[in-house]
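Structure first, commentary second.
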Amino acid sequence: MKVAVFSTKPYDRIFLEAMNKHHQHDLVFWEPRLTHETVSLAKEFPAICVFVNDHIDTSTIKTLARNGTQLIALRCAGFNNVDLAAAHNSGITVVRVPAYSPYAVAEHTVALLLNVNRKIHRAYARVREGNFSLEGLLGFDLHGLTVGIVGTGKIGAVVAKIMNGFGCRLLAYDPYPNPDCENLGARYLSLSELFVESDILTLHCPLTPETYHMINTDALNNMKHGVVLINTSRGGLIDTKAVIKALKSGKIAYLALDVYEEEADLFFEDLSVQVIQDDVFTRLLTFPNVVITGHQAFFTRNALEQIAETTLMNISEFEQGRICKNQVTMEGVIK
Ligand code: NAD
């Protein structure tokens, strides 16, 4: 099948081309993100392949449909960037990669937690400068602390397992409790109870209209003073301005992010010689107790292999008229 691959980085191409030996699709790689401005690049491609920051709104979908596109293949799990109702109304099928190494994201989550706690980012810079002072590097034991996990699907469940290994007490919130987490001893609470009781909060639920800005001023008011907040899910879960206020007051003692609500104009690009225009993001960068990575939690060899394999298999299933088991319907994903 002829596929226009948007937001292509060299690593995407390497993994997709290697896996495509088994599928033989006609892949055409485009560097730009898919937006209404770049949608003409998809003209006469029956399938397009997109990633987390491609913006597939109603107008883009209408143009895609007019130009002959029948399939949108997401090479990620989240689908918050696609207008599913518009796709349905235009007769375009949407497929995704529901699971690709939950370990990649869960392990990065724990790496961020260890980093902010033990200040590895600061220690690394100091030691390179010949500064071996320990002032300002004081951390705390994770053992015995309470970790609140919001969303205990594939990634949240792996985080629960790892944090159980650290000797943490596990609390969770999810509309669908996960028996694997309950077997580890995780106790499911309401979201507001979880906020009240957690020393460390880590977000692993999807971004939906319901979860948008779930971490806002009200939620922060409920949390312990000195809470640690980790977000490797989607930036829109957090009201960043409210979080900045909470960092200034000390309500949040440590913040670690792999995602940011306005990341589409920043992440995945080298902007090191440009003036970053986003003042909220640059304010975040000034805090000594904040660590940010640029949406790299998924970025392991294992995950990229699985993403490429599932994406191409999804396209093959559609081309052969088979049932697309990774289809995302207008209602989202049936659990
Ligand atoms: P999953 O579907 O296995 O699990 C999501 C869980 O969230 C489910 O158990 C679901 O019931 C729960 N949930 C739904 N609505 C909720 C709500 N309102 N409150 C609390 N929980 C809710 O997904 P997953 O594979 O574990 O991925 C989780 C998220 O991680 C994805 O939605 C995606 O946004 C993000 N992600 C980030 C990266 C990265 O590189 N940073 C990579 C992959 C996924």
Side-chain angles (χ1 to χ4, degrees), residues 7 9 11-12 50-54 74-82 84 96-113 148-162 170-182 186 188-195 198 201-216 219 230-238 256-261 263-264 266-268 291-304 306-307 310-311 325-329 331-335:
S7 297
K9 296 290 178 199
Y11 44 82
D12 294 311
V50 294
F51 197 45
V52 291
N53 288 329
D54 292 290
L74 288 154
R75 47 184 198 279
C76 54
F79 45 85
N80 51 287
N81 52 335
V82 183
L84 294 174
R96 66 172 187 143
V97 182
Y100 55 88
S101 181
Y103 308 103
V105 183
E107 289 170 13
H108 191 78
T109 303
V110 179
L112 285 173
L113 171 60
I149 304 172
V150 182
T152 51
K154 290 174 284 298
I155 294 169
V158 177
V159 171
K161 213 168 170 182
I162 299 173
L170 301 177
L171 300 179
Y173 170 72
D174 193 308
Y176 302 90
N178 182 334
D180 290 346
C181 295
E182 287 175 322
Y188 280 84
L189 302 176
S190 70
L191 192 57
S192 53
E193 287 170 327
L194 191 82
F195 290 154
S198 300
L201 262 172
T202 182
L203 308 181
H204 303 289
C205 61
L207 175 61
T208 62
E210 184 202 340
T211 61
Y212 176 74
H213 280 190
M214 67 159 36
I215 305 299
N216 54 23
I230 319 278
N231 186 11
T232 59
S233 188
R234 284 291 181 268
L237 297 177
I238 287 184
L257 302 177
D258 186 52
V259 287
Y260 167 59
E261 53 183 324
E263 71 177 48
L266 300 170
F267 289 3
F268 307 125
V291 170
I292 304 176
T293 52
H295 209 137
Q296 72 170 82
F298 74 99
F299 199 55
T300 67
R301 187 177 60 238
N302 320 62
L304 289 194
Q306 287 174 33
I307 288 171
T310 306
T311 300
K325 53 182 172 296
N326 294 325
Q327 183 170 355
V328 187
T329 65
E331 292 76 33
V333 183
I334 313 298
K335 286 202 63 132

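Given the structure is predicted, the values throughout are model-derived calculations rather than measurements. Start at 1 and go down the list; that is how both ligands and their atoms are numbered.
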When only distance counts, is D174 in polar contact with ligand 1, meaning an N/O pair under 3.5 Å? yes
Numbered atoms of ligand 1 (with element) below 4.0 Å of T232, judged on heavy atoms: 37 (C), 38 (C), 39 (C), 41 (N)
Near T211 (heavy-atom distance under 4.0 Å), the atoms of ligand 1 are 17 (C), 18 (N)
Sort out for me which residue in D54, V82, V97 forms a side-chain contact (heavy atoms from CB on, under 4.5 Å) with L74. V82
Tell me whether ligand 1 is touched by P206 - counting only heavy atoms on the residue side and a distance under 4.0 Å. yes
Run the numbers for me: atoms of ligand 1, each under 4.0 Å from some heavy atom of Y176, listed by number. 11 (O)
Could an N or O of ligand 1 be found under 3.5 Å from any N or O of Q296, whether backbone or side chain? no
Return the option from F298, F299, Y173 holding the heavy atom at the smallest distance from atom 19 (N) of ligand 1. Y173
Quick check on side-chain contact (heavy atoms from CB on, under 4.5 Å): which of T232, I230, D174 does H204 satisfy it with? T232
Would you check if Y188 and C181 make a side-chain contact, meaning some heavy-atom pair closer than 4.5 Å? yes
Quick one: sort the Y100 and F298 rings into parallel, tilted or perpendicular, breaks at 30° and 60°. perpendicular
Within reach of ligand 1, part of K154 (heavy-atom separation under 4.0 Å): both
Sequence neighbours excluded, the answer for side chain to side chain donor-acceptor pair (under 3.5 Å) partners of T293 is H108, D258
Main chain of L207, side chain of N80: is a donor-acceptor contact present, judged purely on distance under 3.5 Å? no
List every atom of ligand 1 that sits less than 4.0 Å from any heavy atom of H295, numbering the atoms from 1 in the order shown and giving each element. 39 (C), 40 (O), 41 (N)
Taking only heavy atoms of D258 into account, list the atoms of ligand 1 that are under 4.0 Å away from them. 39 (C), 40 (O), 41 (N)
Distance check, rounded to the nearest 0.5 Å: T211 atom OG1 versus R234 atom CZ? 10.5 Å
contact_flag V105 ligand 1 heavy-atom lt 4.0 Å: yes
Please work out which of the three classes, parallel, tilted or perpendicular, describes the rings of Y11 and F299, given edges at 30° and 60°. perpendicular
Show me which atoms of ligand 1 lie under 4.0 Å from any heavy atom of A297. 39 (C), 40 (O), 41 (N)
Near Y100, which atoms of ligand 1 are under 4.0 Å from a heavy atom of that residue? 42 (C), 43 (C)
How about OH on Y103, more than 12 heavy atoms from neighbouring residues, nucleotides or ligands closer than 6.0 Å, or not? no
Is there at least one pair of N or O atoms, one from V259 and one from ligand 1, spaced under 3.5 Å apart? no
Between ligand 1 and P175, can you find any atom pair, the residue atom being a heavy atom, that is separated by under 4.0 Å? yes
Any N or O of I155 closer than 3.5 Å to N or O of ligand 1: yes
Per-atom contacts, ligand 1 versus R234 - under 4.0 Å to a heavy atom: 33 (C), 34 (O), 35 (C), 36 (N), 37 (C)
Counting N and O atoms only, with roles assigned by atom type, does the side chain of N231 sit under 3.5 Å from a partner on the main chain of G236, one being a donor and the other an acceptor? no
If the condition is side chain to side chain donor-acceptor pair (under 3.5 Å), which residues does Q296 pass it with, not counting sequence neighbours? none
